[in-house]
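Working notes, structure below.
Bear in mind the structure is a predicted one, so any value in this text is a computation, not a measurement. Chain A is the first sequence line, chain B the second, and so forth, proteins listed ahead of strands; every chain is numbered from 1.
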Amino acid sequence: MDFLNALVALSNFVLIPAIAYGSQLALGALGVTLIYGILRFSNFAHGDTMAIGTMVTILATWGLQAMGVSLGPLPTALLAIPAGIAGAALLVLLTDRFVYRFYREQKAKPVILVIVSMGVMFIYNGVTRFIIGPDDQRFADGERFIINARQFKEMTGLDEGLALKSTQGITLITAVIVVALLFWFLNHTRTGKSMRAYSDNEDLALLSGINPERVVMVTWLIVAALATVAGTLYGLDKSFKPFTYFQLLLPIFASAIVGGLGSPLGAIAGGFIIAFSEVGITYAWKKVLSYMLPESLEPSGLVQLMSTDYKFAVSFVILIIVLLFRPTGLFKGKSV
Amino acid sequence: MIRVENLHRHFGGFRAVDGATLEIADGSITGLVGPNGAGKSTLFNVIAGALPPTSGTVIMDGEDITGLPPHTLFHKGLLRTFQIAHEFSSMTCRENLMMVPGRQAGESLWNAWFGRGRIAQEEEALLKKADEVLDFLTISHLKDEKAGNLSGGQKKLLELGRTMMVDAKIVFLDEVGAGVNRTLLNTIADTIVRLNRERGYTFCVIEHDMDFIGRICDPVIVMAEGKKLAEGTLDQIKADEAVIEAYLGTGLKNKEAAG
Amino acid sequence: MSSGVYDDRGNRDRSIANADGMGSAMPVNEGGKAHPAPAGPFLIGEAMTGGYGRGADILHACTIAVDRGEIAVIVGPNGAGKSTAMKAVFGMLSLREGAVRLDGEDITELTPQARVRKGMGFVPQTHNIFTSMTVEENLEMGAFIRDDDFRSTMDQVYELFPILKEKRRQAAGELSGGQRQQVAVGRALMTQPKVLMLDEPTAGVSPIVMDELFDRIIEVARTGLPVLMVEQNARQALEIADKGYVLVQGRNAHTGTGKELLADAEVRRSFLGG
Amino acid sequence: QEAKIGVILGFTGPIESLTPAMGDSAELALSEVNDAGTFLEGVTLTPVRADSTCIDSAAATAAAERLITTDGVLAIMGADCSGVTGAILSNAAVPNGVPMISPSATSPALSNADDNGLFFRTAPSDARQGEVLASILGERDISSVAVTYTNNDYGKGFADSFAAAFEETGGEITLSAPHEDGKGDYSAEIGALASAGGDVLVVLGYSDQGGKGMIQAALDTGAFDTFAMGDGMYSDALLEDLGSALEGSFGSVPWAQGEGTEAFTKIATDAGINAEGSYTRESYDAAALIALAMMKGGEASSAAVAANVMDVANAPGEEILPGELGKAMEILADGGDIDYVGATNVELVGEGEAAGTYRYYEIEDGEFTTVSFK
Amino acid sequence: MRTLGLFALVAVLILGTGFMQSWNSALIILNMGLVSAIMALGVNLQWGLAGLFNVGVMGFVALGGLAVVLTSETPVPAAWSAGGWRVLGALLFGLAAIAACVAAWKRLRRGRRGWAVAAIAIAGFFVYRAILDPGVEAVEAVDPAATGFLGGLGLPVLLAWPVGGLLAAGVAWVIGKTALGLRSDYLAIATLGIAEIIIAVLKNEDWLSRGVKNVIGLPRPVPYEIDLQNDPGFVESAAGLGLDPTTASTLYVKLGYSVLFTVVLVVLLVLAQLALKSPWGRMMRAIRDNEEAAEAMGKDVTARHLQVFILGSVLCGIAGAMMTTLDGQLTPSSYQPLRYTFLIWVMVIVGGSGNNLGAVLGGFLIWFLWVQVEPMGQWLMSVVTSGMADGSAIKAHLLGSVQHMRLLTMGVILLVVLRFAPRGLLPER
Ligand SMILES: Nc1ncnc2c1ncn2[C@@H]1O[C@H](COP(=O)(O)OP(=O)(O)OP(=O)(O)O)[C@@H](O)[C@H]1O
Ligand SMILES: Nc1ncnc2c1ncn2[C@@H]1O[C@H](COP(=O)(O)OP(=O)(O)OP(=O)(O)O)[C@@H](O)[C@H]1O
Ligand SMILES: [Mg+2]
Ligand SMILES: [Mg+2]
């Protein structure tokens with residue numbers, strides 16, 4: 001019984017939140033890593049792409065809600081995601097056409113593109129705030145919980161509650177589906193393979209009859225979709241605010257790098273590592289331990305390795321240690 | 001000069017160098033040949049410190065140099081060139097040469113700020129030496145050209161020139177000839193021989209062009225599957241059945257039909 | 001090589017910038033069409049003048065051509081513009097003057113990928129395989145433009161280069177130099193090209209593999225496929241060539257049959273190493 | 001004739017969602033004065049906005065410098081975050097002799113700043129509210145709490161003063177964990193706090209920032225179901241968003257007893273401004289004080305503001321509520337005395353800080369209901 | 001030529017600000033421009049000269065800020081007696097524990113050393129916390145609203161600038177030792193992480209620098225305006241120049257900073273240029289061009305990378321200290337990657353990486369824009385909306401969003417500059 005309580009407490013406060021957060025980071029990192037792999041630069045505007053995709057989704061959700069459409073227990077926003085993707089896709093394609101393409105054709109070195117993407121970031125940022133404003137926006141509806149803590153306690157008779165939000169469930173399921181789809185696409189379809197080929201060797205891709213502009217376009221479309229899905233899930237789970245999306249950039253980049261930039265598998269692993277190290281290291285183990293240990297050994301303090309002030313710092317230390325012991329990165333990315 | 005004993009270098013499960021034992025005699029120009037993937041470049045990289053060995057030892061002049069970093073080996077007189085030319089592309093040919101000598105006073109920041117006079121003298125000497133080397137290599141007209149703008153063969157000459165800026169004891173050349181025009185290759189061959197004669201450098205040369213090997217090398221070592229397969233003069237090697245089967249082959253079968 | 005105006009001066013940081021596999025070609029842009037232009041050899045790059053980006057001209061009115069069933073070989077000193085000429089024929093850089101014609105059509109304005117669809121196959125001098133993809137995927141990429149079933153072609157390639165069949169699940173980047181060259185040629189053959197262009201296919205390849213490669217090339221040419229190739233192993237190459245070009249500083253210096261060039265004392269001395 | 005008043009708030013940056021309402025509310029006071037038409041014989045007050053970014057002291061200083069030396073503002077309504085406020089104060093305001101009234105810089109450290117008599121604030125220093133909140137918990141017989149505060153000078157100062165007061169009364173703080181604003185994920189903080197336990201979670205943050213995120217996360221995981229909240233958490237939007245889940249939670253908020261706030265709510269709502277937002281009331285008061293002090297001094301000048309703010313804000317004199325600025329002008333023009341009450345019951349103590357009265361509220365039936373005033 | 005022209009342009013922009021807005025604004029831009037130029041110079045040393053990617057500029061700048069507090073604040077004796085020595089002891093113990101870990105790692109044989117080091121680290125960590133925590137608590141309890149920290153050494157504030165450099169150098173050394181010479185990703189992650197860690201420490205270790213409660217009113221190397229205004233001699237000479245005392249005093253103080261900063265910048269720039277144009281610079285360029293070959297030519301690439309990484313970080317540290325001195329306060333929460341890392345990067349790339357003068361130019365220009373895009377954005381909006389009917393909803397919305405035009409304008413300008421000068425305004429030859 002005590003063991004079960006300990007397990008439930010751990011799941012409730014560490015496992016479930018970390019998995020959900022990890023999936024959100026992973027989806028974001030996938031987008032970053034795809035652009036890095038195929039378009040060859042670190043896209044600083046990704047956080048704001050997520051914000052814009054989410055913004056369009058929100059506007060569409062409001063429209064649907066106004067029309068009385070609903071998905072029952074599921075959030076209406078899921079229905080609006082395609083609109084968000086379309087909006088984000090349109091925006092990134094336009095940006096590519098008028099900004100990035102110039103540098104690509106000039107064979108500008110990636111670092112230039114990185115700085116250019118910072119400029120784009122500023123612009124997207126302004127656009128988002130301009131259209132929807134800097135405020136918090138709530139757009140989640142439907143059932144909030146699959147099971148909440150109180151119900152769980154009643155059901156099981158345990159002392160500890162376990163809450164599972166529907167958004168967490170949706171996040172995880174969506175992440176799995178999206179990742180599976182992406183893998184299948186990259187490894188088994190002609191277009192996917194042509195993208196990998198282009199990423200491997202641009203000139204040779206040209207010589208094989210692959211149209212680079214098409215590859216670029218498909219990449220942006222996928223990235224727009226990933227960004228919108230990630231952003232919407234994040235917004236559903238927490239809430240939408242442009243500034244948080246900008247702040248998300250750092251953990252997303254950390255995820256992508258630790259997993260090995262350019263490697264989709266790595267992005268996913270990286271997302272989970274960051275999420276787990278943020279949530280796990282700063283967790284106060286007192287509760288879990290007091291269930292597990294005999295009363296005489298019960299800890300007096302909180303048994304917290306680090307205070308939560310350092311959660312982000314800790315996750316970085318973990319990354320560095322991971323990299324020190326796995327010099328090729330978790331999944332060998334494009335790095336030398 | 002160099003003795004390699006039971007050297008191994010594995011990549012995962014793959015044994016690129018698999019217990020090679022060989023010796024490069026002082027003052028010789030030793031050729032190193034072998035089929036693609038035999039482990040020649042890997043062996044070079046291990047000797048020159050670019051890759052750590054899995055096991056085994058490398059001995060230079062009686063001293064164990066296994067696993068020393070390349071810059072330490074450089075100061076011990078062991079130089080190498082790369083299979084693909086590694087010029088400093090944004091620097092001029094002259095600068096490419098002038099940066100080579102070790103322990104320059106001007107390489108310390110302190111001197112760069114406060115010892116300008118001393119640096120100026122030293123630079124003058126370096127400049128003279130660099131120009132001499134460029135003359136020697138017949139590319140003095142390119143001295144102010146960026147190295148990145150040279151053609152493939154000229155880059156290879158420049159690589160060779162770097163080894164002449166200091167008094168090397170042994171120089172490792174990795175496929176200087178690949179992709180180089182044959183006429184230019186002859187010049188390079190002559191240069192190698194001259195350096196060997198006039199300055200007493202020892203050479204170890206990887207090459208697939210048998211004419212080139214024949215012109216300068218004695219002895220020739222054949223590697224296959226990470227081990228030494230044979231050693232001898234070129235003629236001896238050419239007569240070796242195992243070498244013919246693994247490496248040299250018997251010439252074109254379709255030539256007549258095509259002609 | 002000086003790599004254009006936008007050089008980032010040797011910075012090799014991989015976490016921000018991924019220069020791996022970044023192209024250096026300045027391909028002909030979209031929008032052009034092929035025009036009928038009958039007569040002439042099967043493939044000809046005629047009086048080509050051009051260079052990289054906004055840099056100086058590297059080719060000066062250079063002409064190379066190959067006809068059905070022929071092997072044409074280009075030789076010349078390093079930096080003469082041989083590879084540049086090949087790229088120009090393939091549309092990897094825009095010509096300032098001159099034209100490229102294939103099979104009775106003027107294709108000067110076509111993009112490289114459109115030329116592939118017109119039946120051209122090219123093996124560049126360097127970076128000629130997809131290192132992160134398996135051997136089989138490399139071959140599949142060769143057949144990218146084909147909509148039909150390319151299984152049988154793949155079997156033919158495997159038959160031609162048996163070692164590749166053994167290694168087909170291995171990443172091509174892990175192969176040795178000679179094996180890589182075989183993959184590269186195999187990839188070009190998968191296109192089922194109407195003309196095959198090879199840039200120094202034998203550089204760094206051991207004698208036995210080189211002989212093997214030349215054998216294959218002759219075999220291929222005998223099936224009627226024109227082969228245009230650059231070679232530094234010039235004597236061996238010219239021996240099997242029907243036509244030879246000597247390029248010097250982007251200009252045609254000598255042209256003739258392989259035998260003629262081999263017999264020319266000056267060519268021998270200056271370009272073939274005596 | 002025109003008198004310019006600087007409105008320096010963080011229109012971009014971490015509190016960008018609060019600042020528009022704050023700015024509007026300050027401008028509402030100024031336009032009210034202008035509309036009265038009696039201000040200093042036809043002088044018009046013109047607000048000039050600038051971005052403090054909330055975090056970038058250098059940019060904020062540059063912006064303030066521009067307002068002062070280029071636009072020639074006579075006084076500054078701002079800045080918002082304590083860090084940039086201190087920077088503007090010492091680098092731009094004090095050197096140029098321009099007074100500042102901050103609606104939201106609550107750091108106790110600013111009390112000791114070398115301000116040359118130029119710095120005022122309508123938000124109370126956090127030191128006092130800590131005591132108020134502790135006494136509320138005492139009233140409710142709550143002896144063990146977990147605390148989370150927003151990791152800035154406001155939150156930290158508040159948490160410190162709360163801890164001191166609460167522990168003095170014998171209460172136990174199981175864990176005091178900061179949270180960063182502008183992040184979305186607070187799983188780690190909630191995990192630690194839940195493990196530490198406590199009867200209620202004391203949330204000293206912002207209602208549209210990390211504070212809300214923390215409450216949301218606590219509710220989602222079932223870690224806590226009752227919350228004690230500081231002033232930054234008081235907002236209708238929070239109630240609306242979290243709904244019935246907040247039932248039974250309580251908190252403190254600086255509050256003018258009765259009329260002042262109601263009056264403000266009315267005029268603000270009429271003007272389309274969210275009266276309940278954090279610091280909107282303080283912003284209105286700050287701007288109003290500037291205008292009143294000028295009127296009192298009889299000239300539109302920096303010196304007049306600096307010299308008279310304390311005077312118009314405090315007794316003796318006729319009490320002035322929001323919406324009565326016109327009346328105040330008349331009194332002042334006649335040489336009378338006023339005691340500006342404003343939206344937050346302004347009472348400046350010490351070197352020009354709000355003393356503050358607090359409302360102890362509880363959430364019942366989805367509404368803030370007053371329990372008592374402190 | 002181009003160099004001269006562009007610097008003239010910057011001069012015109014700043015002078016223009018002086019004429020159009022005010023000289024105070026102009027000087028303020030100039031001063032921060034000087035500081036930014038030093039930061040950009042530091043990043044340029046690392047990236048332009050050695051190809052090292054430092055995304056932790058913010059951390060080094062913050063260390064400079066910390067140095068100002070540690071050097072120039074007056075010490076708080078009560079805090080020292082309450083627990084200061086204990087804290088110091090804990091820190092020393094921490095260092096010893098780390099040294100023990102490193103020693104164990106080096107001495108012990110492979111198989112078991114991992115466990116040994118882990119054991120030392122974990123035990124050391126708990127002992128460290130046990131010593132540290134009570135001390136910290138005691139220190140922070142000393143009048144938390146006003147002090148609650150140990151204070152500094154009470155030395156002249158100018159001394160803080162080199163100290164800032166030293167602190168930065170120390171941290172750079174640690175990062176360099178662990179991350180340089182390995183995969184380049186490490187450097188990105190390590191610098192990104194260390195910057196976050198430094199900020200986290202600054203925010204949360206109240207005993208050190210009051211954490212988020214900020215240290216304000218730091219000493220200045222120049223006189224206070226108020227004192228000047230009250231100094232009859234000064235007022236008189238100001239009157240002689242036809243200036244009112246307020247303006248004169250503010251200008252005087254800012255000019256004082258400008259002179260100090262200019263001296264620092266010029267010295268650093270001259271040193272950087274001398275280094276670049278010497279065999280050392282040649283060696284660095286060679287290393288940047290081709291590490292492998294440089295290594296084979298006897299250059300110790302790792303050591304050189306470490307050297308240049310430390311140098312660049314030192315510049316950032318010095319600049320950070322200068323900036324905090326200029327602000328007169330340390331506010332840890334104001335350190336944001338966008339402002340202190342990415343903006344500096346923008347300066348370097350727009351100015352032209354690899355060219356010291358370019359970096360300096362970028363520093364001035366981008367800083368100017370960063371400050372002036374706000375009025376530009378407002379102006380843009382008023383132009384856009386001028387044609388619209390008064391009171392229309394769109395106009396109101398546009399005018400209401402005018403503050404957000406700031407970043408947008410910055411973005412647009414950045415894109416335009418990079419479009420026409422993709423290698424930067426002053427590219428390396
Ligand atoms: N980094 C690596 N990872 C895995 N395998 C490698 C690596 N480097 C080399 N190899 C393998 O080691 C073997 C030997 O390679 P090496 O480059 O030494 O051959 P070589 O004798 O120089 O051949 P060539 O004549 O083609 O240059 C090859 O089969 C190659 O695939
Ligand atoms: N991407 C490029 N950008 C600019 N210049 C280039 C580029 N590639 C090659 N060049 C220049 O063009 C000229 C011709 O190069 P090319 O590669 O065609 O020579 P090549 O005849 O193939 O020589 P090699 O026998 O060494 O391969 C050389 O001077 C070279 O420096
Ligand atoms: Mg090799
Ligand atoms: Mg070539």
Which atoms form the tightest heavy-atom contact between [X] and [Y], and what is the distance?
{"X": "B:Glu123", "Y": "E:Pro279", "answer": "OE2-CG, 3.6 Å"}
{"X": "B:Pro101", "Y": "E:Lys299", "answer": "O-NZ, 3.1 Å"}
{"X": "B:His86", "Y": "E:Ala293", "answer": "O-CB, 3.4 Å"}
{"X": "B:Met91", "Y": "E:Arg282", "answer": "CE-CG, 3.6 Å"}
{"X": "E:Ser278", "Y": "B:Gly106", "answer": "OG-O, 4.1 Å"}
{"X": "B:Phe82", "Y": "E:Glu292", "answer": "CE2-OE2, 3.5 Å"}

Counting only heavy atoms not in [X], do more than 12 sit closer than 6.0 Å to its [atom1] atom?
{"X": "B:Arg199", "atom1": "CZ", "value": "yes"}
{"X": "E:Trp173", "atom1": "CH2", "value": "no"}
{"X": "B:Lys129", "atom1": "NZ", "value": "yes"}

When rounded to the nearest 0.5 angstrom, what distance separates [atom1] in [X] from [atom2] in [Y]?
{"X": "E:Asp289", "Y": "B:Lys146", "atom1": "CG", "atom2": "NZ", "result": "9.5 Å"}
{"X": "B:Arg162", "Y": "E:Met297", "atom1": "CZ", "atom2": "CE", "result": "4.5 Å"}
{"X": "B:Ser89", "Y": "E:Arg288", "atom1": "OG", "atom2": "CZ", "result": "8.5 Å"}
{"X": "E:Trp280", "Y": "B:Trp113", "atom1": "CH2", "atom2": "CH2", "result": "7.5 Å"}

Legend entry - Max heavy-atom pair count under 4.5 Å with chain E, selected residue of B:Val166, B:Thr81, B:Val100: B:Val100
Inset, instruction - Go through the steps for E:Val301 and B:His71 under the test side chain to side chain contact (heavy atoms under 4.5 Å, CB included), then give the verdict. - result: CA-CA 8 Å; E:Val301 173; B:His71 61 93; over 6 Å; no
Can you tell which part of [X] gets under 4.5 Å to a heavy atom of chain E, answering side chain, backbone, both or neither?
{"X": "B:Glu95", "value": "both"}
{"X": "B:Met98", "value": "both"}
{"X": "B:Leu73", "value": "neither"}

Legend entry - Donor-acceptor pair, side chain of E:Asn290 and main chain of B:Phe88, under 3.5 angstrom: no
Legend entry - Heavy-atom side-chain contact between B:Arg116 and E:Leu274 under 4.5 Å: yes
Legend entry - B:Leu109 side chain near E:Leu271 side chain, heavy-atom distance below 4.5 Å: no
